[in-house]
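Since the structure is predicted, the reported quantities are computational estimates derived from the model, not experimental observations. Just so it is clear, the values below take in all heavy atoms, side chains as well, and ignore hydrogens, waters and symmetry mates.
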Amino acid sequence: MPPFNLAEHVLTAGLATPDRLALAVISPARADRWSHARLRAAVLGAATGLRERGLRPCDRVLLRIGNEPAFPVAYLACIAAGIVPVPTSAMLTEAEITRISSDIRPALVIAGAGVPLPADDTPRLSAVELAAMASLPPADFQRGDPERLAYIVYTSGTSGRPRAVMHAHRAILARAMMFEGWYGLRASDRLLHAGAFNWTFTLGTGLMDPWTLGATALIPAEGTVIEQIPLLARRHGASIIAAAPGVFRRMLRAEWAPLPELRHALAAGERLDPELRRAWQARTGTDLHEAMGMSECSTFLSGSPDRPAPEGSAGYPQPGRRVAILSPEGQPLPAGEPGVLAVHRSDPGLFLGYLDQPGETAARFQGEWFLTGDLAVAAADGAISTLGRADDMMNAGGYRIAPAEVEDALAPVSGAGDVAVTELPVASGASIIAAFWTGPATVDDLREAAEASLARYKQPREYIRIDALPRTPTGKINRRALRQAHRPG
């Protein structure tokens, strides 16, 4: 493959339509509009400014920017210059980001207003100073081996301390497999992503992918409430909406007019329960397509407009992906037999490894397969249903139970709100299944639903109502935090 740069790949399609809208940051009161020409100028001017500050290829830059356009501009500017950006959630505390800074050893921190910064002496560049660089002469793209390091992201930390995941420039090429395998994305689309700029789901699905095709990205402005998103989608002609399942659930609780331009919606970040998908279909007349991925490989399983996922499944391997269900010995299993979900090491979207953790990296591979840590089973037609993280599986009376199976029984209950289940230890040294919910439904409502659809051993023994489910900075349910914070009485 010839010399390559990820940022150049993302920005090239916009050259053909420089005046087309690339990005609109939208709120009920206003919209901040960026053409493809303005976006390219901001990125390449910032790349020049970073070089003028003395940064060199392979230097690392820690991104501490909130929900604003400076985040993707800084990300692409670094990559354009051959510098390695490390995007992080603005929700991380000073202590958390100080630990990350110690791991990363950045040459620079790009800092947005009000975002906690590491307690060290790493040089700072404000987001305001970055924006001023847009007027500088455009930098040339630093091209090189597609296998070289392009950026670092952190895992969600649902099963322990977050890890630094290294990705190559060629990772952007794997995202093209999502265009038909999940999105059905077209250059004419206006894709509204309900997440913040500084979430990797938004960064990829909401920004990089539309820009790669020369399409339009719509992002709600900071402070926009979820219930206003349908109004914004209608006002700005969104043809696709992307969000985490919990966002769609809140949207469905609100009142809003039909969305005439909407073709379908996309869900990722956590498992989509079938009842939520049915509710979206009934409300909008469009489908809600789920994708499953992870920090180490982005998404690789999904339903799509051309091949919707059978109800209850995560969908099919995207075209070009090699995915298998493996036995404990590392052998691919036939349909109907559960095992560990794995992705072949030849996948262009697969990570380079964990930073400074060669042992941890090697432990995630079994022969030619990367082990995702998720349990799954394939149907005869190739659709894959996930059974939960291997470390989230529950054991009740000697039976292995996937949290999703219990959650699917409770989620349809009127007033359930957000639902999660996990295993909790009891004083005897045994453990029980506990259900957590956030809505006004009663314990009796939930217990009745469980008794109607679940075998006795799968039914929760404890029901605990909480105000909100604990989540990681990437929005996933943090079952580890549930287990640590709650013990049955």
Side-chain angles (χ1 to χ4, degrees), residues 21-28 31 33 67 72 175 178-197 199-213 215-293 298-299 302-306 308-309 315 418 474-475:
L21 185 65
L23 170 66
V25 186
I26 54 179
S27 72
R33 294 180 170 86
N67 187 19
R175 302 195 66 86
M178 304 179 201
F179 293 172
E180 291 305 321
W182 181 24
Y183 305 160
L185 189 61
R186 307 168 184 168
S188 58
D189 273 320
R190 298 169 72 88
L191 194 158
L192 190 160
H193 199 297
F197 279 103
W199 185 18
T200 52
F201 177 22
T202 312
L203 191 60
T205 298
L207 299 169
M208 301 297 116
D209 294 337
W211 294 341
T212 297
L213 288 185
T216 298
L218 305 172
I219 305 292
E222 179 74 31
T224 301
V225 299
I226 289 173
E227 289 76 11
Q228 293 175 320
I229 289 172
L231 167 67
L232 298 178
R234 180 181 175 88
R235 182 178 295 174
H236 293 274
S239 54
I240 300 174
I241 297 175
V247 172
F248 286 109
R249 190 172 290 112
R250 283 185 57 182
M251 288 169 57
L252 286 171
R253 295 173 190 154
E255 293 297 324
W256 34 274
L259 306 175
E261 304 300 323
L262 185 67
R263 296 197 292 117
H264 53 266
L266 309 170
E270 61 183 83
R271 185 177 176 275
L272 173 67
D273 71 74
E275 178 64 24
L276 177 58
R277 183 183 179 190
R278 288 193 294 269
W280 181 264
Q281 291 167 334
R283 180 76 172 270
T284 69
T286 71
D287 210 344
L288 179 53
H289 300 294
E290 178 183 12
M292 177 184 174
S298 193
T299 74
S302 52
S304 70
D306 290 339
D418 294 329
T474 60

Practice problem: Over all heavy atoms of both residues, which pair between Asp189 and Ser239 is shortest? Give the atoms and the distance, please. | Solution: OD1-OG, 2.6 Å

Exercise. Can you measure from CZ (Phe201) to NE2 (His193) and round to the nearest 0.5 angstrom?
Key: 3.5 Å

Quiz item: For Ser304, which residues count as a side-chain contact (heavy atoms from CB on, under 4.5 Å) partner, sequence neighbours excluded?
Solution: Asp306, Arg307

Self-check item: Leu207 versus Pro210, closest heavy-atom pair with distance
Solution: O-CD, 3.3 Å

Quiz prompt | Residue list, side-chain contact (heavy atoms from CB on, under 4.5 Å) with Thr299, at least two apart or on another chain | solution = Met178, Trp182, Ala291, Gln318

Practice problem: Determine whether Pro305 and His289 make a side-chain contact, defined as any pair of heavy atoms from C-beta on separated by less than 4.5 Å. | Solution: yes

Practice problem: Could you grab the distance from atom CG of Leu218 to atom CG of Leu23, nearest 0.5 Å is fine? | Solution: 8.0 Å

Exercise. May I ask you to test the Thr205-Trp199 pair for a side-chain heavy-atom distance under 4.5 Å?
Key: no

Self-check item: Least distance between heavy atoms, Leu262 atom then His264 atom
Solution: CD1-O, 3.3 Å

Quiz item: Distance from His236 atom NE2 to Leu231 atom CG, nearest 0.5 Å?
Solution: 8.0 Å

Quiz item: Looking only at heavy atoms, which two atoms of Ala196 and Asn67 are closest? And how far apart?
Solution: CA-OD1, 3.4 Å

Self-check item: By ring pair (Phe, Tyr, Trp, His ring centres under 6.0 Å) - contacts of Tyr183 (at least two apart)
Solution: none

Practice problem: Could you tell me which non-hydrogen atom of Ala279 sits nearest to which non-hydrogen atom of Leu252, and how far apart they are? | Solution: CB-CD1, 3.8 Å

Quiz prompt | Spatial distance of atom CG (Leu259) from atom OG1 (Thr286) [nearest 0.5 Å] | solution = 8.0 Å

Practice problem: Measure across Leu272 and Leu276 and return the closest heavy-atom pair with its distance rounded to 0.1 Å. | Solution: CD1-CD2, 3.6 Å

Quiz prompt | Pairwise distance CG(Leu191) to CD1(Ile241) - rounded to 0.5 angstrom | solution = 9.0 Å

Quiz item: Does any pair with a residue in residues 276-293 pass salt bridge (Lys or Arg N to Asp or Glu O under 4.0 Å), and if so which ones, sequence neighbours excluded?
Solution: Glu275-Arg278, Arg277-Asp287, Arg278-Glu311

Quiz prompt | Any pair counted as salt bridge (Lys or Arg N to Asp or Glu O under 4.0 Å), so long as it reaches residues 217-244, sequence neighbours left out | solution = Glu227-Arg250

Quiz item: Residues two or more places apart in sequence or in another chain: which of them pass side-chain contact (heavy atoms from CB on, under 4.5 Å) with Thr224?
Solution: Ser27, Pro220, Ala221, Gln228, Leu232

Quiz prompt | Short side-chain to backbone donor-acceptor contact, Arg263 and Gly184, under 3.5 Å | solution = yes

